[in-house]
Student: 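This structure is in structure tokens; I'll ask about it shortly.
Here the structure is a predicted model, which is why all the values come from computation and not from measurement. Naming: A, B, ... by sequence-line order, numbering from 1 per chain.
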Protein chains: 2
Amino acid sequence: MAIPVYQKISDDIRTQITHGFISANNALPSENTLSSQYNVSRMTVRKALNVLVNEKYLYSVPGKGYFAKKIATDKYLFTFDELEVIKGKNKESRLMEVDIIKPNAELIYQLNISPDKRVVVIKHLLYSNKKLAAYDIKYIPYFTGIPIVEKEINYITFPEIIANRTSMFDIHRKISIRMDMPSNEISTLLKINTHDPVFIIEQKILDQEGSPIGWGQLYCHYQNCLIEGDSVIGE
Amino acid sequence: MAIPVYQKISDDIRTQITHGFISANNALPSENTLSSQYNVSRMTVRKALNVLVNEKYLYSVPGKGYFAKKIATDKYLFTFDELEVIKGKNKESRLMEVDIIKPNAELIYQLNISPDKRVVVIKHLLYSNKKLAAYDIKYIPYFTGIPIVEKEINYITFPEIIANRTSMFDIHRKISIRMDMPSNEISTLLKINTHDPVFIIEQKILDQEGSPIGWGQLYCHYQNCLIEGDSVIGE
DNA sequence: GAGTGGTCTAGACCACCAA
DNA sequence: TGGTGGTCTAGACCACTCG
């Protein structure tokens, strides 16, 4: 047989769930019952059930049994970085400015730092087909002793910039998408009208303890931005 | 011990990966080597490795070994439905109109149907704190014989509407977010200015074969919409 | 106390890969 | 050919749940 036994079993049970024969939060037969039904060892049944647990179709409760999950219909997976949100081909980023500044109230709040701490500002302009498309600004708390290397500031995405400060596995990123009219500064930079709306994609980078280690916004003229995602089976 | 052996092993290996001791695409010691090192059975090692495979830290190649994955830094999970994207509390949707229409060229293309087929149109107005916030329009191919039940048209989210036509597990949804100036129709409906931009959240529902079974847009005044997501460890 | 899932073992056979 | 991961078995002990 090409298809392993445990996969046949998990396919079978998955079908029963998707076709409604096992409804949400109802118990499945026990592992021992299933191993008799399918004439396989208990470990094989466990392997099959484990597949479905990983696929979020089932959850198990020790001492009770396995239950079908009510599926979430509102989960989407988006893949994007600073350059990906811009429409068009031949996208590139150009470093505009790097500076070390005293934080204002907003920065003190967002990065949760003391007012006497300094903050590194990295500004990029993003181009699509040689045309200006977006403006990106990032703030990172400045730690004396950790030099700002050229490698960091030339990168455009946050994980790359922060990579040599902490492990990429240890960070968490929160992202929000909204829309607004540009400030005078933004409209001047992007060479657009003050009543031309801009996409604002805001990112906050948190370390393992949930403390902010980066904050930034991408401003993009409304016609230059498109964001796409796909549904996934949820938690 | 409270912590099972396999979890200690997977924690150990995960730490080695996140701290860079095992770099991307490098092979791990074999299962047999690990079972000697940790003094456990091969099945326990496999359990530990399986955890990390499910967490996307590792992948395995039959006949070769286990390898650390290069992590993706650009994956985000978004949770939202038609009501969730609107800012504010006390959100509700009100059915505005249901109709069966002849499809125009756009609909024929988007739903991939023949021009003589009919299409069900469902229009909703969405309110936040009793104030009009968004306009939602959905198109579903009309199948004679399948009645449009009241249950369907009163729901606001696509999965709910389509639920009794097909299993929710069998559908896939593609979503795109963009921004534009409203048409006259949209600006009139939302009672906004024609030069006030709107968020457009477009959804396409596909069945298992990838054929469209639903298409819709949500139009939301730019100040009423906020979309948030969190990073996830990618594929 | 009987049944449940959670963990762990020791062994077996297979297909695949590389030298 | 020897090592790798992939599958599967039969049995064991545990903690948990529920009547």
Side-chain angles (χ1 to χ4, degrees), chain A residues 1-17 21-71 233 235, chain B residues 1-17 21-71 233 235:
Chain A
M1 300 284 193
I3 300 170
V5 180
Y6 78 86
Q7 205 176 102
K8 283 188 201 166
I9 298 175
S10 56
D11 287 348
D12 185 27
I13 297 175
R14 193 188 303 103
T15 305
Q16 290 184 49
I17 297 171
F21 301 127
I22 301 172
S23 48
N25 297 318
N26 268 204
L28 267 71
S30 75
E31 291 178 350
N32 285 320
T33 308
L34 288 171
S35 67
S36 313
Q37 278 179 14
Y38 288 105
N39 260 305
V40 294
S41 77
R42 188 183 155 219
M43 287 307 280
T44 303
V45 168
R46 281 183 63 76
K47 171 81 178 165
L49 293 172
N50 190 42
V51 169
L52 297 173
V53 168
N54 287 326
E55 290 177 2
K56 324 277 187 189
Y57 286 99
L58 295 178
Y59 65 94
S60 61
V61 181
K64 297 187 76 175
Y66 286 84
F67 303 86
K69 265 199 185 179
K70 194 168 96 245
I71 58 156
I233 293 182
E235 289 297 291
Chain B
M1 300 285 193
I3 299 171
V5 179
Y6 78 86
Q7 205 175 102
K8 282 189 201 165
I9 298 175
S10 57
D11 286 347
D12 185 26
I13 297 175
R14 194 189 302 103
T15 304
Q16 289 184 50
I17 296 171
F21 300 126
I22 300 172
S23 49
N25 298 316
N26 269 203
L28 267 71
S30 74
E31 292 177 349
N32 286 319
T33 308
L34 288 170
S35 67
S36 312
Q37 279 180 14
Y38 288 106
N39 261 304
V40 293
S41 77
R42 189 183 152 216
M43 289 306 281
T44 303
V45 168
R46 281 182 62 76
K47 172 82 178 164
L49 293 171
N50 189 43
V51 168
L52 297 173
V53 169
N54 287 326
E55 290 177 2
K56 323 277 187 191
Y57 286 100
L58 294 178
Y59 66 94
S60 61
V61 181
K64 296 187 75 174
Y66 287 83
F67 302 86
K69 264 198 186 179
K70 195 169 94 243
I71 57 155
I233 293 183
E235 290 296 289

Student: Could you tell me how far apart Glu31(B) (CD) and dC14(C) (C1') are, to the nearest whole angstrom?
Tutor: 14 Å
Student: Got a sec? Which of residues 37-48 of chain A come in under 4.0 Å of DNA chain C, heavy atoms?
Tutor: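 The stretch gives Arg42(A), Met43(A), Arg46(A) as the residues lying under 4.0 Å from the strand, ordered by number.
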Student: Calculate the interatomic distance between Tyr59(A) atom OH and dT4(C) atom P; express it in whole Å.
Tutor: 17 Å
Student: What's the closest nucleotide to the Tyr6(B) side chain, out of dT7(C), dG6(C), dG5(D)?
Tutor: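 Given the options dT7(C), dG6(C), dG5(D), the side chain of Tyr6(B) is closest to dT7(C).
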Student: The side chain of Lys64(A) lies closest to which of these nucleotides: dG6(C), dT17(D), dG5(D)?
Tutor: dT17(D)
Student: May I have the distance from Leu49(B) (atom CG) to dT4(D) (atom C1'), rounded to whole angstrom?
Tutor: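 That distance rounds to 12 Å.
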Student: To the nearest Å, how far apart are Tyr66(B) OH and dG3(D) P?
Tutor: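 After rounding, the gap between these two atoms is 18 Å.
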Student: Taking the side chain of Ser30(B) as its heavy atoms from C-beta onward, which of dG6(D), dT4(D), dC8(D) lies nearest to it?
Tutor: dT4(D)
Student: At how many degrees, to 10°, do the end axes of the helix from dG1(C)-dC18(D) to dA18(C)-dT1(D) meet when each uses five pairs?
Tutor: 10°
Student: What is the distance, to the nearest angstrom, from the CZ atom on Phe67(A) to the P atom on dT17(D)?
Tutor: 12 Å
Student: For Gln7(A) and dA15(C), give me the distance from atom CD to atom P, rounded to whole Å.
Tutor: 17 Å
Student: Roughly how many Å is it from CG in Leu34(B) to P in dT4(D), rounded to a whole number?
Tutor: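 Interatomic distance, CG of Leu34(B) to P of dT4(D): 10 Å.
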